[in-house]
Amino acid sequence: MKKIIALIILTWSLLPCLVFAQTTIRGIVKDHAGALPGVSILEKDARGNGTTTNEKGEFQLILKGNSKTLIISNVGYLTQEMDVNGKTKINVVLQEDATGLDEVVVVGYGTTKKITNTGAVSSISASEIRSTPTPNIQNTLAGRVPGFISQQRSGQPGQTGATFFIRGVNTLNSGGQAPLIIVDDVEYNQDQVAQLDANEIETFTILKDASTTAVYGVKGANGVLIITTRRGKIGRPKVNFSSESGVQLPFKKYSFLGAFDVASLYNEATMNDAKASGSTYVPTFSDDDLEHWRNKDDPYGHPDVDWYNEIFKNQAYQTRNNIDISGGSERVKYFVSTGYLFQNGMLRNFSKGTGQPDNNYAYQRYNFRTNLDFQATKDLSLRLDVTGRIGESTEPHMTTAPLSTVNSFQRLPPYAMPIMNPDGSYPFAYRSRDTYQEPSIIGRLALQGYDRLYRNELNILVGGTHKLDFITPGLSAKTRVSFAGDMSYNRSLSRTEGHIPAFYYNPETGTYTQHKNQLYRLEPLTLTADVDQNVSRKISNIQANLDYDRTFGNHHVYGLVLYNQNQYINAVKNEEPAPVNFRGYTFRAGYDFKQRYLLEFDGAYNGSTRFVDKNQYGFFPAVSAGWNIAEEPWFKKNVEFISLLKLRGSFGIVGSDYVTGDNYKFEQIYQAGASSTNYSFGESHNTTTTIEEGTLGNLDITWEKSRKTDIGLDFQSLDNKLSLTVDYFHDVRYDQLIARGSVLNIIGVGLPLINLGRTLNKGWDGQISYHDRAGEFDYSASFTFSFAKNKILYKDEAVQRYPWLAETGRPIGQATGYNVLGFFQSQEEVDGYAHVANATAGDLKYEDKNEDGVIDQLDMVPIGKPNLPQTVLGTTLGMSYKGFSFNILFQGSFNYSYRIASAGIIPFQGNLQPVHLNRWTPKTATTASYPRLSAVLAGPSSPNTSSNFWLIDAKYVRLKSVDLGYTFPNAWTKKLKISTARIFVSGYDLFTWSNFSLYQQDPEIASSGSAGTYPVQKVYNLGLQIGF
Amino acid sequence: MNNQMIMKRYLYYTIAVIGMITACTKSGDLLDKVETTDLNEESVFADSARTIQFLNRVYTDIGFSANPKRFGGSIGVYSICDEAENSAVGGDQWNIRFQNGSISALQIPTDAWNTTYADIRRVNVFLSHMDTSPLSPALRTTLSGEARFLRAWYYFILLKHYGGIPLIGDQVFTAEDEVPGKRNTYEECVNYIESECNAAANMLPPTRGGIDYGRVTKGACLALKSRLLLYAASPLFNGRAAPNGNLEGVLGYPTADKQRWEKVAQAAQEVINLGVYSLNDIPTPLGYGFQKVFTTRVNTEYILAAMQSSNRALESMWDPPTRTGSGSAFAYHDLVEAFGTINGKPITTDLKTPENPTGFDAENPYENRDPRLGYTILFNGGLRLNTTKTITPVYTFVGTGSSADAYSAASGSSQTRTGYYIRKMLDDNTIASTTSPTTERCLPLIRYAEILLNRAEALNELNGTPPPEVYTLIGQLRKRAGINPGDGDHYGLPEGINQEEMRVLIQNERRIELAYEEHRYWDVRRWKIAENVSNQMLHGMKITKTGDSYTYELVNVRKPVFDSERWYLWPIPQSEVNKSIDLEQNPGW
């Protein structure tokens, strides 16, 4: 590998530099605002003769050809041709291109123009999201980028990155649904993306259809997210500094019932249970107990504590600071940036003043990036990107997280214990059930120390681009070598769980009784580095390609040939696993006639270590075509107000090589040494390890394939104020790697993967936007939509006894459960209908679907929708007036389902919530919204039994981000010798409208999640940006 | 320099770069498999030690069906019949599902089907490599014998759960093979297992010692045959018509034949004739041999055991809370009642009177009882090691000074809901606390005591009146149990009873001698009495202490449900039946 780099650098740098003395033209290029650096100046018909303007907008070019004409072009401006015959000095004023049709769109391994693009691509510039106060850039894309579907599952500092999908999911391999992520042409994973700082990013682009993803061949089937980073531009050094700080507030504060309610309801529940099972009812809490709780007159004997509010604060702090310097000359361009982010957690600081380490949730991250471009010779440019991240996240050292504890009735009912004993010692949960009588949670938070996860990343990319115009104009060669590595490990400074002194104070006798751990003093803190958690990843990648792009009169042709090889090693626990190696050849060839008729072929020929023999390589072709109707002369003549009307379509096959776990699924290996399979022979025990067969191998396994069809329309009108893009897609994923479901277990061994599964995903996505200006008032509005629905077409399922038990034909990941007909209103009704054991009046009445008089799994039907939203909508509104600017994004997700299980809802497993007050009782039979209470955790109406009563048909709309800023007038800033200064307030997830009242949880929580998920935080933020 | 020269240079450079990349990553290197393990079929069976380790894996599951934790948590087969109430009360716990009858072909533990066939495959894979194995011929014979016994063992587990099942012989299926689902008849299965037992018996030595202790012996093969034939001769299978033609002969022998008992008696006698087994007998304290046999790793009574490493498994499950156990299962009073008096007579007839001081006294119900009661069940006042390493009584009464072990009707607690805990097989020197020593106890799968009972039952069924040998066989058990010999050394067995009465006696003897050893659940089925005994209310004993005296109150604990239409055999997991048109489900499911 080293040799290659050395060779590349050597060869590039030895290239000759040639100068021919002829007519010299000097000039300066401006727009209406001033000098334009970096503008491309080319001599017409003199191949490869060109230059760019310097930071003052000046250029100098020696003419070689005969046309005496210069072509002056810059992104975002109309290209000008200028006759310079006889001149030596010229002034050029470029006009801004209002249509944006020449706008560059990033695609796989290159760029294209918006007008000639034939694929389904959506992109946004990072400047639009940079001020959104979230540490994870992917959290800002839902609702802004059509086709991007995400859910933020947690608000815990360091774990707030949303999981995301492009156009939903379309494979039965649950681990193999993630899109490919490419940052500067190098593959990243979702964890790595979550660590990028928005300040380093230039654009986000998602590739959705076959024509744009086929170049990634075997990795493209789930769509591709391409991120490009910022690079230096010619100009004087610009320093940007930004600093912002904000408060995080929980999306929703948990509310739990007090001790009196809980104790009364517990008595009610045990009475219900006694009635249902025919045993005698003995109240757990006496009237005397209840009276104390009602009057709150016995804080030690009958405590009543709101643990959530005792343990958690109302707000937490966060800050983000960035500084970057960019600029460059014709020879060297640079972008250097560094950033620091800190996020604090919601725990109160109980260790304050105790000399113990602070163990509040926290996340801090240092980012740095240096992107350098060198113009080594006229034709050769080199780049060196060095980027890294140092992350550190902390959480308290507790086996059961504080939020799970607060939710748990068994551990921490409101009457578990007082907050502190009168003598200042820590109590223990003496009123909890015996096995949960743990020392005070407050004491544990104060004294038990922290667990910390460190994660360091370093990525290096070296590359060169060489123009090969001397071979044929428009040809260039490019190489890239990159290494990415990251390492993470855990470190803990802590005491053993529950090893703190704790006492029960008896207010009647005034005596203290010791907790069963028998501790009178603290043990010292122990420092451990958890070696088992060490993870180190290495990715090395080499790419080399030839690019061709040339226009012959009305004919524009372009092409790409690329070689790509990648090695990925993911080592956990000091093991050296098999590397995931990849080699690919990518092709692209395109043609357009006057930008009117567009045609492109893409393809990739890829090989993977995951397959063998004839199945190792696969070919993934795609074709796309477009027709720019608005470029037709007859259309231009008659329909002037439409500037862009393009129909485009693509069709192709893309692949996925994802397999879970072991990479070599094609072979059968034998397994040894699992301690659960040990056996002990001998007259005295003598443990022997054993060996067994692994899952059978299948040499024939190969890629999953996705047949993608996309039809799209691009439209611009009303002087380009109105634009519309819409795409329809139809995506059949076949040859999915699944284990057969119709082979009898009599075979006695795990079945191998086989290319059998087939699913369909189809839908619509797109965007409508409008922008206009009234005087100095600019305003814009944009609406994005994504609809995606999938269906299992084939999964080798056994023939089910009833049609509703089959998964084939249903969406991937759809829940099944009982259909609830309502509450049983009387014992007669229970007796007269099929019911589960111990059901009584007030329990859920499940539909006896097969009418056999028994409620069992045969009655479970498909219920609700998959957990991933099928519809995502977003609306962005923006306006600016003089120095003021205002941007707002509403994002909504619809057509999905979820439910909470365990302590998050089950009464007396979880702490009681206001919803439990609405339980069914004979008196509230008509208004009840919750079944009768039961103290039996798996009672007849248990929320752990899947039914559509517990499954929410969810939807929500969020005020996802707001940004209000003011840029100080130049006149003021000039006096301070700074070029720009802007202050802003911004917010994230500020308001949420959702449709459920059953759960006190964030609507983006993972389905079947239990209580204790750190809630998503809303953030109010204040910031300052200064440029020098 | 002219353009051509430049071009040449570029060309060289381009070729060099491409060539370099290609050379560095020469096809075949990058995408080739990297060895991460050398364990595969070839390497395992080319190595004698690994070959043996492969067979050892088949042993690992040997006790899965009798595992006290078979159904997850601390739930074993004893918790789904009339032996013990489990502390788990959730509606989705297997003990509750079985007891209240909410079991279906969809909701049924799948281990009886999957674990068995997985191990049968392992045996077949093992046997398929014996011809080319580097093992010595003698070792090859022994190990093949072990393998064939184990295969027969797992088939028998299938047979008792489902009736006739598909026999696959020595086949090792590949992923491409059509796996047959056609069930063999009950008779074919019995004949196959019997012939495998006979074949294995001829390949195996009568005893194993040293580090091989615990491996299969000749005796185990003959003992399994005895159990197999006992089941086959029992009422459930000996003459069972099928509801439809496809199941003809699958659920049992279509026609009954009393002479099948003859083979049972013979098979049991073959084990006895080996002369290597005897009951573990320790005269003092009374019946202590019955207690001690379970915690003595090397003994003469175990014919087949699920070997364990040093452990505290049963203590931590069954011991009461004060003994740091989790009190996960509580013996039913109905089982307590089945134990007779020290005179070997039922507690209903052998009452305490001045003339009969060793009879049953309702005021002191645990005195003068069959010593096996105290070694099987921990009752109020029963002795058990405590955390300070002394032996003290465990109290389950409610009332003054009641402890964490006291009876409590509350569900889901580790306090007993029947007034009893389980004592059987617990080590006298071990409790769950990690400060106590471990035990090397292994779990019994076949005991010599069972062989004696098998023969007694067969002899009784074969003859109109019980022959004298029945008395001697049961007498041996009762003698070891510490029961008074009584007049004529009959250990309380009444003389001159008929076959019917003796049958009841033998059934009761099996119930108490083999309690908590995975017999009762299957015995009531093969005797076809489950429809009576498994539909009755099961009881606990609530003891209240007032002053120094106890009052005893019988309380209802659970009324299980048994549907005789279907519950005599388990349903084959529906997910399996769905896969093959040939695999016929058992009736009623």
Side-chain angles (χ1 to χ4, degrees), chain A residues 4 7-8 11 16 279 468 470-471 477 479 542 544 563 565 577-579 581 583 607 609 616 664 668-670 672 677 679-693 696 698 742-749 751-752 798-801 836-837 856-858 936-940, chain B residues 1 3 6-7 10 13-14 17 20-21 24-25 30-31 33-34 36-37 39-40 44 50 53-54 56-57 59-60 89-92 100 102 104 106-107 113-114 117-118 120-121 125 166 168 173 175 179 181 209-215 298 307-310 409 411 440 575-576 578-580:
Chain A
I4 299 173
L7 180 89
I8 291 165
T11 41
S279 50
L468 301 174
F470 65 91
I471 297 174
T479 52
I542 301 174
Y563 171 82
Q565 76 171 52
N581 289 351
R583 174 182 292 140
T609 37
Q616 192 160 51
Y664 302 138
Q668 183 189 28
I669 57 163
Y670 275 40
T677 62
Y679 199 69
S680 176
F681 291 108
E683 291 184 0
S684 61
H685 84 89
N686 177 25
T687 299
T688 58
T689 55
T690 62
I691 295 178
E692 62 184 344
E693 274 186 289
L696 289 175
N698 175 6
S742 64
V743 177
L744 288 165
N745 291 357
I746 292 173
I747 194 170
V749 66
L751 289 163
V799 181
Q800 301 293 342
R801 202 189 277 191
V836 295
D856 60 17
Q857 285 190 337
L858 292 174
V936 180
L937 302 186
Chain B
M1 265 190 281
N3 275 0
I6 306 165
M7 263 178 72
Y10 282 111
Y13 128 78
T14 312
V17 169
M20 198 68 186
I21 291 168
C24 190
T25 62
L30 183 72
L31 300 189
K33 200 184 95 180
V34 177
T36 50
T37 169
L39 277 185
N40 54 37
V44 166
R50 286 176 171 176
Q53 281 182 298
F54 187 87
N56 290 351
R57 176 65 184 84
Y59 275 95
T60 307
V89 290
D92 54 351
N100 70 18
S102 63
S104 72
L106 274 162
Q107 277 185 327
W113 188 265
N114 294 342
Y117 274 115
I120 289 165
R121 177 190 176 89
V125 170
I168 60 170
F173 297 108
V179 180
I211 55 162
D212 283 335
Y213 186 79
R215 288 185 174 275
V298 180
M307 304 297 288
Q308 308 288 313
S309 58
S310 53
S411 60
E440 295 214 337
S575 54
E576 281 291 281
N578 289 346
K579 291 173 188 170
S580 167

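Within every chain, numbering begins at 1; the chains are lettered A, B, ... in the order of the sequence lines, protein sequences first and strands thereafter.
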Side chain of [X], backbone of [Y]: donor and acceptor closer than 3.5 Å?
X	Y	answer
A/Glu692	B/Arg57	no
A/Glu683	B/Gly210	yes
A/Asn581	B/Leu30	yes
B/Glu576	A/Asn745	yes
B/Gln53	A/Thr689	yes

Gap separating the [atom1] atom of [X] from the [atom2] atom of [Y], nearest 0.5 angstrom:
X	Y	atom1	atom2	value
A/Ile669	B/Asn40	CD1	CG	9.0 Å
A/Thr687	B/Asn56	OG1	CG	11.5 Å
A/Asn686	B/Met307	CG	CE	10.0 Å
A/Leu744	B/Trp113	CG	CH2	7.0 Å
B/Ile211	A/Ser684	CD1	OG	10.5 Å

Handout entry: Heavy-atom side-chain proximity of B/Thr60 to A/Tyr679 below 4.5 angstrom
Key = yes

Handout entry: Side chain to side chain, B/Tyr59 and A/Thr690, heavy atoms closer than 4.5 Å
Key = no

Side chain, backbone, both or neither of [X] within contact of chain A (heavy atoms, under 4.5 Å):
X	result
B/Gln308	backbone
B/Ile120	neither
B/Ser310	both
B/Val44	side chain

